[in-house]
Structures are given as C-alpha cells and as structure tokens.
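Fair warning: this is a prediction, and the values are worked out from it, not measured in the lab. Heavy atoms only: backbone and side chains are in, while hydrogens, waters and symmetry mates are out.
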Amino acid sequence: MKYQAPRGVKDLLPPESEAFRRLEDEIRETFTLSGFREVRLPIFESAALFTRSIGESTDIVEKEMYLFEGKGGEKLALRPEGTASLLRAAIEHRLAEPGRTSRLFYQGAMFRHERPQAGRLRQFHQAGAEVLGPNDPDTDADLIATVSRYAQRTGIPGSRLLLNSMGCEACRPEYRKQLVAYLEARKSNLCETCIRRIGTNPLRVLDCKVEGCQKTLNAAPAITSFLCPASREHFERVCQALNEGEIPYILSPRLVRGLDYYTETAFEWVSDALGAQSTWAAGGRYNGLVSSLGGPDVPGVGLAIGIERLYLLREQAGTLPLSAEPPVTIALHPLDDDSRAYIRTILTTLRAEGISCVGLFGANRLKKAFVSAEREGARFIGLAGENERGNGTITIKDLKTGAQKTVPAGSSAELISLLRSEIPADSAR
RNA sequence: GUGAGUGUAGCUCAAGGGCAGAGCACUGGACUGUGGCUCCAGGGGUUGGGGGUUCGAAACCCCUCACUCACCCCA
C-alpha cells in the first residue's frame with residue numbers, strides 16, 4: 001500500500017462517523033443546556049502559549065507537542081489541549097473581564113505525539129467547557145454536575161468521579177515544602193523519575209504508579225490537611241454542593257492533574273472499562289492562569305471530555321447513538337434510457353421537498369437496481385419506465401415490506417406524504 | 001522514548017521448509033418491467049517491506065515498517 005494514515009491517527013467511516021457526530025452533538029447540547037456558548041478556535045497557536053500555560057516541565061510540553069515554523073520563523077504548535085487556546089481567545093476579545101461571567105465551550109481535534117494505545121491517539125478529540133469570572137464553589141459544583149449528570153443519564157459504564165483540592169498560592173507553598181521534605185527523606189525508595197520530580201514538580205510524584213513509590217506515599221502529607229482557611233472553605237462547599245445534589249464522588253487526596261495551572265478544585269472521571277487510559281473527562285479550577293497569560297486577574301474553572309474515550313465506553317455499553325433512520329429515503333431507477341431525464345426531474349423535486357434520494361443510473365438491469373438500492377441504504381425504490389413517464393406517475397416499492405404503489409410523481413401530496421409517513425421516527429435523539 | 005504480541009485476498013482466518021487455500025464479500029451469468037434464496041462461472045496475493053540461510057521460504061535468521069496492548073503520560 002502506497003499511502004496510509006500516519007501513526008496514531010484514524011479515519012472514521014460510516015456508520016461510526018455518524019455515531020461520533022451524534023456523540024459530539026450530545027455534548028454540545030449538554031453544555032448548551034448549562035448556558036455555555038461555542039467558540040471555534042484555531043488548531044495551531046504560538047508554541048509559547050502552551051509552554052506558558054501547561055507548564056515547562058510537563059511531558060506535553062517537553063516531548064509531545066507538534067512544533068513547526070511559520071514562513072516568518074514564528075514557532076507554532078498544533079494544539080495539545082483546548083483551555084490555553086480558549087483563554088487566549090477570551091483575553092484577546094475581552095471576554096475575560098473582572099466582574100463578568102463567560103461560559104464558553106469548544107470542541108475539536110487535539111494533537112499529542114505519544115505512542116498510541118487503547119484510548120490514546122495522536123490526533124484525538126476533546127470537548128471542553130470553561131467558566132471565566134466567578135471564584136465560587138457552587139460554580140465548580142455546577143460544572144461538575146453537568147458532566148456527572150450526563151454520565152448518569154447516558155449510563156457510562158463504571159464511571160466514578162474523583163475529587164481533590166490543589167490549594168491556592170497561599171497554601172500550596174507550605175504543602176510543597178512539607179512534601180519535598182518528606183520525599184527527600186525517602187529518596188532511596190523512589191523511582192528515578194520521581195527523584196527528578198522532587199526538584200521540578202514534586203506534586204506529580206503523588207501520581208506515580210510505580211508500586212514502591214505508592215507505598216512510600218501512603219504516609220505522605222495530604223494536600224487537604226494543608227489548605228488555608230479560604231481554600232478549605234471553598235473545597236468543603238464544593239463537596240457540600242455535590243452532596244446536596246446527590247452527585248457521588250470519591251475524595252482522592254493524591255489526585256494531581258498533569259497540567260501545571262490547576263488550583264483549588266481538581267476532578268477526574270474515570271472508568272475501569274477503558275483499559276489503561278482510564279480517564280474520560282477531567283478538569284479543575286485555574287485561578288492564576290488568565291493573568292499569567294497576560295489577561296486581567298480573572299479566575300476560571302473548566303473541564304474537558306475525551307470524545308474517543310467516551311465513544312469507547314458507549315460502544316462497550318451498547319448505547320452508541322446510532323441512527324435508526326435509513327441514510328437515503330428513496331432510490332430512483334429508470335427502466336429505460338428515455339426515462340433518465342424523467343428520473344432526474346423527480347430527484348430535483350424530491351430534494352426540494354427535503355427528501356433524500358439518489359438516482360440508480362449505473363444499473364442496467366432491474367435486479368441490479370434493487371441490489372444497489374439496498375446498498376445505498378434506501379427505504380424505498382422508485383421505478384419509472386414508459387408507462388409511468390407517459391402518465392406522470394412513479395411506482396414506489398417499500399423495500400422492507402414489499403408493498404408497492406403507483407402514485408403521481410413530482411411534488412404530489414400523495415407521493416410526499418407516502419415517503420414521509422413510512423419513515424420511522426428518529427429514536428436516537 | 002521502552003517492552004511484548006501480531007502482520008497471508010476487501011473481511012475473518014487456514015496452510016509450520018515442497019502447487020498459497022477456505023468461508024464471507026465482489027464481478028458476470030442462469031434471470032430483458034419486480035430484489036433478498038439457489039445454482040454455475042470469474043476476478044482477485046510481490047504472504048507488510050528488504051536482506052540472509054536453503055536445491056526450495058508464507059514458514060527459519062537479521063533488519064525495517066505497520067498494527068495492537070502495556071510502560072510512560074494523559075482526555
């Protein structure tokens with residue numbers, strides 16, 4: 001084979017492409033119901049935007065970005081995530097202003113140069129929602145509820161919500177100091193990466209999956225016991241709001257997000273039905289991020305859903321939103337060459353009425369026409385030859401039931417209502 | 001970036017040193033204005049690619065590429 005898709009990227013073909021689209025529509029609807037409005041963001045940005053926001057020493061920035069140069073030598077990057085882009089756009093267009101609330105969501109492809117595996121691709125899709133403005137526990141809880149309720153409603157198999165607080169600029173330094181001291185004292189029990197991380201990003205050590213490290217971490221100080229009064233109250237009120245809303249969660253003192261910008265509330269939805277990449281949605285609060293990107297001092301909270309992972313979960317549960325509707329309502333077949341123009345006219349008329357139809361111009365035998373019609377996914381076949389052409393009718397046959405009827409062609413009420421009435425209601429939405 | 005497993009027809013898979021095959025799919029016909037069934041016939045392959053061993057390689061060895069899963073990391 002001469003050409004094939006690059007490693008880690010996938011072609012989505014029907015009917016999977018259609019289910020994927022419906023999944024995206026579901027998410028769009030869910031966010032819209034919670035007051036978010038969509039922004040369409042560029043797929044590449046100045047590389048510095050991501051190094052600044054995601055963090056210099058994160059894996060994403062260190063080794064996973066697709067970097068390239070513009071014609072003028074600018075350093076550009078294919079976006080590895082959406083929050084940085086969205087904030088850049090919000091700042092640039094003055095949507096992030098003190099005292100004002102912006103609820104925005106985005107949806108689209110992200111790029112990370114990683115080794116592909118189950119639930120992990122080099123080009124993948126995320127849908128993310130961000131609330132800019134309020135620094136309010138109820139806002140956090142409401143955002144979390146939006147996704148948790150979606151998960152409940154659609155029945156995501158094995159989904160659990162993990163919850164933690166990362167503290168703020170006031171309390172994190174003290175915790176960091178205590179944690180570093182704890183880790184330094186037990187250096188010999190830690191893996192190589194973790195030892196390096198003590199210096200670069202000690203909180204990430206908490207996340208390490210090496211067994212020895214986890215054992216060592218069992219007695220490590222928990223961030224939640226170092227929270228300053230304000231952060232503590234914020235976190236408690238988030239928990240309380242979730243309790244009152246009957247949103248189940250699991251307190252996870254060692255939950256640390258992989259991006260540096262998170263403060264206060266951090267959360268992650270996981271499912272053990274996913275394989276090694278168990279997170280299907282995640283987010284948190286990022287109170288210093290907008291200002292560090294050159295915007296005003298506006299707090300924010302947001303999350304992102306991994307669409308492919310969501311797809312995998314829904315596929316496993318057998319709840320993918322597949323279309324019940326046939327892709328084509330009617331396939332029209334000319335029974336002789338003289339009827340071809342007649343068929344073309346009917347196609348135009350039906351399409352003007354909003355009825356999807358195709359012409360079977362390649363079939364030279366009636367039997368082949370039937371096979372082609374089925375292959376197109378048509379509900380009906382329409383036949384026109386000398387007889388029909390002569391009296392301005394068309395013969396319609398229901399491919400499922402075998403019922404057949406000759407009716408006036410064109411936009412005749414009889415034809416249109418026949419084609420419409422037999423279409424089963426789209427039960428997928 | 002590291003490791004393991006797998007690459008044979010469009011798909012699912014046989015053949016484990018001696019003629020590359022089956023089922024499904026595809027094309028044509030039986031069958032010229034009424035399909036799905038059946039029957040007959042046919043097209044399809046540098047066995048992922050390259051090199052080596054051998055009289056002979058899909059098979060054994062080396063390299064390489066791709067896929068899958070895991071590490072890592074994350075949505």
Side-chain angles (χ1 to χ4, degrees), chain A residues 1-10 27 54 57-65 79-83 106-128 147 191-194 197 201 204 207-211 213 255-259 267-271 274-284 302-313 331 333-336 339 360 363-376 378 380-389 394-404 406:
Chain A
M1 212 170 304
K2 193 163 184 189
Y3 295 110
Q4 48 184 319
R7 173 167 248 193
V9 311
K10 277 217 161 100
I27 301 295
I54 298 169
S57 64
T58 57
D59 278 32
I60 295 178
V61 167
E62 272 182 352
K63 46 196 192 199
E64 294 174 5
M65 280 216 284
R79 59 181 184 190
E81 62 116 27
T83 301
Y106 60 85
Q107 191 159 155
M110 307 291 161
F111 306 84
R112 292 182 199 171
H113 188 96
E114 297 183 277
R115 192 74 162 255
Q117 73 182 77
R120 190 170 75 184
L121 294 166
R122 289 186 174 178
Q123 174 175 337
F124 60 103
H125 295 77
Q126 285 187 343
V147 171
C191 72
E192 213 170 292
T193 335
C194 285
R197 280 187 189 134
N201 198 342
R204 300 282 297 123
D207 231 11
C208 186
K209 278 158 202 146
V210 176
E211 209 176 308
C213 297
L255 171 68
V256 172
R257 311 294 345 288
L259 288 58
F267 41 89
E268 200 168 296
W269 288 265
V270 298
S271 168
L274 263 181
Q277 307 302 317
S278 56
T279 305
W280 65 270
L303 58 82
I305 299 172
I307 308 290
E308 281 85 356
R309 292 184 184 176
L310 179 62
Y311 185 101
L312 252 46
L313 288 165
H333 174 64
L335 289 164
D336 52 46
S339 303
L360 302 174
N364 49 19
R365 286 176 51 185
L366 187 55
K367 173 173 175 157
K368 275 169 77 177
F370 274 90
V371 173
S372 302
E374 297 243 295
R375 217 168 272 173
E376 299 270 7
F380 298 94
I381 190 167
L383 305 173
E386 206 181 331
N387 302 339
E388 287 83 356
R389 183 159 33 96
I394 180 138
T395 299
I396 306 293
K397 183 164 186 176
D398 187 316
L399 287 168
K400 233 179 233 156
T401 65
Q404 182 169 317
T406 299

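- Evaluation of the side chain to side chain contact (heavy atoms under 4.5 Å, CB included) rule for E374(A) yields L399(A) as partners, not counting sequence neighbours.
- With S278(A) contributing its side chain and L274(A) its backbone, the two residues share no donor-acceptor pair below 3.5 Å.
- Stacking between F370(A) and G36(B) is absent: the ring centroid is not both under 5.5 Å from the six-membered base ring centre and under 30° in plane angle.
- Listed by chain and number, the residues in a side chain to side chain contact (heavy atoms under 4.5 Å, CB included) with N387(A) amount to none (sequence neighbours excluded).
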*Applying salt bridge (Lys or Arg N to Asp or Glu O under 4.0 Å), run through R112(A) and D59(A) and close with a yes or a no.*
CA-CA 10 Å; R112(A) 292 182 199 171; D59(A) 278 32; over 6 Å; no
*asked:* Reading 5' to 3' and counting Watson-Crick or G-U wobble pairs with both distances under 3.5 Å, write the dot-bracket notation for RNA chain B, | for bases paired outside the strand.
replied: (((((((..((((....[..)))).(((((.......))))).....(((((..]....))))))))))))....
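- Taking side-chain N and O atoms only, K367(A) has no distance below 4.0 Å to OP1 or OP2 of G33(B).
- Every residue two or more places apart in sequence or in another chain that forms a side chain to side chain contact (heavy atoms under 4.5 Å, CB included) with Q277(A) is listed here: Q117(A), R120(A), R309(A).
- When the ring pair (Phe, Tyr, Trp, His ring centres under 6.0 Å) test is applied to Y106(A), no partner is found at least two apart in sequence or on another chain.
- Residues satisfying the salt bridge (charged side-chain N to carboxylate O under 4.0 Å, His left out) test with K10(A), not counting sequence neighbours, are none.
- Listed by chain and number, the residues in a side chain to side chain contact (heavy atoms under 4.5 Å, CB included) with I27(A) are F31(A), A127(A), Y150(A), I305(A), I307(A), L310(A) (sequence neighbours excluded).
- Residues that satisfy the side-chain hydrogen bond (donor to acceptor under 3.5 Å, both in side chains) test with E388(A), not counting sequence neighbours, are T395(A).
- If you measure from atom CD of Q404(A) to atom P of U34(B), you get 10 Å, rounded to the nearest angstrom.
- For A282(A), whose side chain is taken as the heavy atoms from C-beta onward, the closest listed nucleotide among A75(B), C37(B), G28(B) is A75(B).
- Across U34(B), G35(B), U32(B), the shortest atom-to-atom separation from the side chain of L399(A) is found for G35(B).
- Nearest heavy-atom pair across G8(A) and L121(A) is O-CB, 3.5 Å.
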Polar-atom pairs under 3.5 Å, protein N or O versus N or O of nucleotides 39-45 of chain B: list them with distances, or write none.
none

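- D398(A) has its side chain out of reach of I381(A): every pair of non-hydrogen atoms, C-beta onward, lies at least 4.5 Å apart.
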*Would you mind building the protein contact string for nucleotides 64-70 of chain B? One character per nucleotide, 5' to 3', B for base within reach (heavy atoms under 4.0 Å), S for sugar-phosphate only, - for untouched.*
--SBSSB
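- Atom OH in Y106(A) sits roughly 9 Å away from atom P in A75(B) (whole-Å rounding).
- At the heavy-atom level, E308(A) lies nowhere under 4.0 Å from the strands shown.
- Distances shorter than 4.0 Å separate none of the side-chain N or O atoms of K397(A) from OP1 or OP2 on G33(B).
- Scored by the salt bridge (charged side-chain N to carboxylate O under 4.0 Å, His left out) test, R122(A) finds no partners at all (sequence neighbours excluded).
- A close approach under 4.0 Å does occur between a side-chain nitrogen or oxygen of R365(A) and OP1 or OP2 of G29(B).
- OP1 and OP2 of A25(B) both lie 4.0 Å or more from every side-chain N or O belonging to R375(A).
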What nitrogen or oxygen pairs link the protein and nucleotides 8-11 of chain B at under 3.5 Å?
none

